[in-house]
Amino acid sequence: VGKRRRVFELFVLTIALIVGGFLVSGTGSESAESGGRTVIRNASMVVTMDPALGTLENADVLIEGDRIAAVCAGIQAGRAKVVDGRGKIVMPGFVDVHTHLWQSLIRGCGTDKELNGWLGGCVFPLFGSPINGQDAYAGVRLSTLDAISSGVTTVTDWSHAFNPGFARGNVQALNDSRMRYVFAYYRGPDDNEIRTVKRTMIDPNPLGHLQIGGRAAMVAVEELRGAERLSRELGVALNVHLHESKADPATGQMESLRVAGALRPGLLANHAIHMTDAELDELAAHDVRVAHNPLSNMRLASGIAKLPDMKARTIKVGLGLDGGTNDTSDMFNNLRAAVGLQRALSTDPARYPTPADALRLATLGGAEVLGLDKEIGSLTPGKKADLQVIDTHQLNFAPRVDWASQLVFNTQPTNVQWVFVNGVALKKDGRVVGDIDRTIAEAQVAADKISGILPS
Ligand SMILES: [Zn+2]
């Protein structure tokens, strides 16, 4: 009798496993979320950013697992989940090469201040304050959902890492976001903590990368030497702010980078606005990368980076949202600002970057800045499936005249219908995947706490 009951139990268990497996794999939307096979069918335009493929009309994009499997017309996709691409533009996800995600908690702070006034009023008082990992998590959670909504698939998050708990909450929110990320950890007194966070929180996530955040200034050159030493030890890039405000060059930022031996391939320099020709030559000679943050530069009255001069020197440049200093994660706004600033400065409508150049800066250009261009930045079969689907059939975008230009001049985050990172849909049918009300409520709690710490 015992044996017969056991056979019956095995039978029931087998049926349950079959039914359960069917339920898990049977619904199309679930397979899109878990990174199965998805085909974007009959996309009206596919902007691949791959020079060999160019821009295609009426084509399919097949995603298999975490990769782009094919980009062409009439793909045989079997039982893949189908996203209707008619009236849609498919393009790579944006690569944000410089931001501070926690700073959604200080949106609207110090809007009448330049860089140093803003830092003094909105950021520096938080060092040594009770700001903690829960606060970091709340701000970064909100920022990542907002960035995904705007078509951003990779973020480079320069974290002030006010204390170790803050940094860990920051990284946890990045891991939970399911975005691709580079975490630039501002180096405090404890290198072992950074090594531990890398080993236990970042390395286990295939989407996670580390950089060392440093401070370039002659008064802090020993600290910069330490950051450079740690970045070499860990085999990651150093990430610094450079000549952002008019007052920065006099602090010896370039000299400190020379003295610390930090001018070398992969160094990421944020802003690089107030640069002489000789200094730009020096960046180019050492293959230093630049993050251009036009919205932030406008907000803080910082100045206008010399993008055409950087282009002439083939310096690798990408676009950054720069956290609290532009108050938004709207990357399309950043594209317009990148184009518009150079035109307004030069009174030349053909000035670099053109709208097409700006799209490249925000995608493949950003991937090159981060050294990730073999994996992301273009819709090249074999690369990771980080992409966005844009709906043109809306009042702010239609009618069709010149979509390549309209992409830059008309798109808003509300046009972004689908966002895939590593083959996983993080925005579906116009809705970001996540609990938005709860995220906003928790960010408000953290923002209120910070308001109580900052000088009024
Ligand atoms: Zn910054």
Side-chain angles (χ1 to χ4, degrees), residues 94-111 113-124 126-127 136 139-140 143-144 146-147 152 154-162 166-167 170 174 181-187 211-217 220 224 227 237-249 251 253 256-257 262 267-275 288-305 317-331 333-334 337-338 341 361-362 366 369-370:
F94 291 128
V95 179
D96 181 347
V97 296
H98 181 64
T99 192
H100 309 271
L101 293 175
W102 71 268
Q103 289 178 357
S104 54
L105 301 177
I106 54 167
R107 283 174 170 172
C109 185
T111 50
K113 301 284 195 296
E114 52 65 67
L115 174 65
N116 287 310
W118 174 80
L119 285 169
C122 307
V123 177
F124 290 163
L126 299 175
F127 282 103
V140 174
S143 289
T144 50
D146 192 26
V152 177
T154 297
V155 286
T156 308
D157 183 16
W158 201 104
S159 175
H160 288 80
F162 295 105
F166 181 95
N170 194 149
L174 283 167
Y181 72 84
V182 177
F183 181 70
Y185 196 137
Y186 178 51
R187 179 179 170 267
Q211 290 179 342
I212 302 301
R215 175 181 167 213
L224 185 65
L238 183 68
N239 185 326
V240 298
H241 291 75
L242 180 66
H243 292 199
E244 176 178 4
S245 82
K246 228 169 22 183
D248 282 342
T251 66
Q253 292 189 338
S256 71
L257 291 169
L267 172 67
L268 181 43
N270 306 306
H271 306 293
I273 296 169
H274 303 281
M275 304 291 288
V288 174
R289 323 288 160 85
V290 170
H292 177 47
N293 308 274
L295 284 174
S296 165
N297 300 158
M298 290 160 69
R299 204 258 218 191
L300 292 174
S302 295
I304 301 176
V317 178
L319 296 184
L321 285 161
D322 203 14
T325 51
N326 79 51
D327 301 285
T328 161
S329 304
D330 182 349
M331 190 57 102
N333 229 347
N334 218 25
L341 277 179
L361 288 171
V369 163
L370 300 175

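Ligands are counted one by one from 1 in listed order, and the atoms in each one are counted from 1 as well. Values below: every heavy atom of this structure, side chains too, minus hydrogens, waters and symmetry copies.
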(message) Taking Ala217's backbone N and O only, do any of them form a donor-acceptor pair with Ser256's side chain (distance below 3.5 Å, no angle check)?
(response) yes
(request) Would you mind naming the N, O or S atom of His100 nearest to the Zn ion (ligand 1)? (result) NE2
(request) Look at the N, O or S atoms of Glu244, main chain and side chain alike, and state whether any lies under 2.8 Å from the Zn ion (ligand 1). (result) no
(message) At a threshold of 2.8 Å, where the distance has to be below it, does the Zn ion (ligand 1) have an N, O or S atom of His241 nearby?
(response) yes
(request) Looking only at non-hydrogen atoms, find the nearest pair between Ser159 and Asn170 and report the distance. (result) OG-OD1, 2.9 Å
(request) State whether the side chain of Asn293 and the backbone N or O of Ala291 hold a donor-acceptor pair below 3.5 Å, judged by distance alone. (result) yes
(message) Distance alone, cut at 3.5 Å: any donor-acceptor contact between the side chains of His271 and His292?
(response) no
(request) Could you tell me whether the side chain of Asn270 and the main chain of Val240 form a donor-acceptor pair under 3.5 Å? (result) yes
(request) Starting from the Zn ion (ligand 1), look over the N/O/S atoms of Asp322 and name the nearest one. (result) OD1
(request) With the Zn ion (ligand 1) as the reference point, give the N/O/S atom of His98 that is nearest. (result) NE2
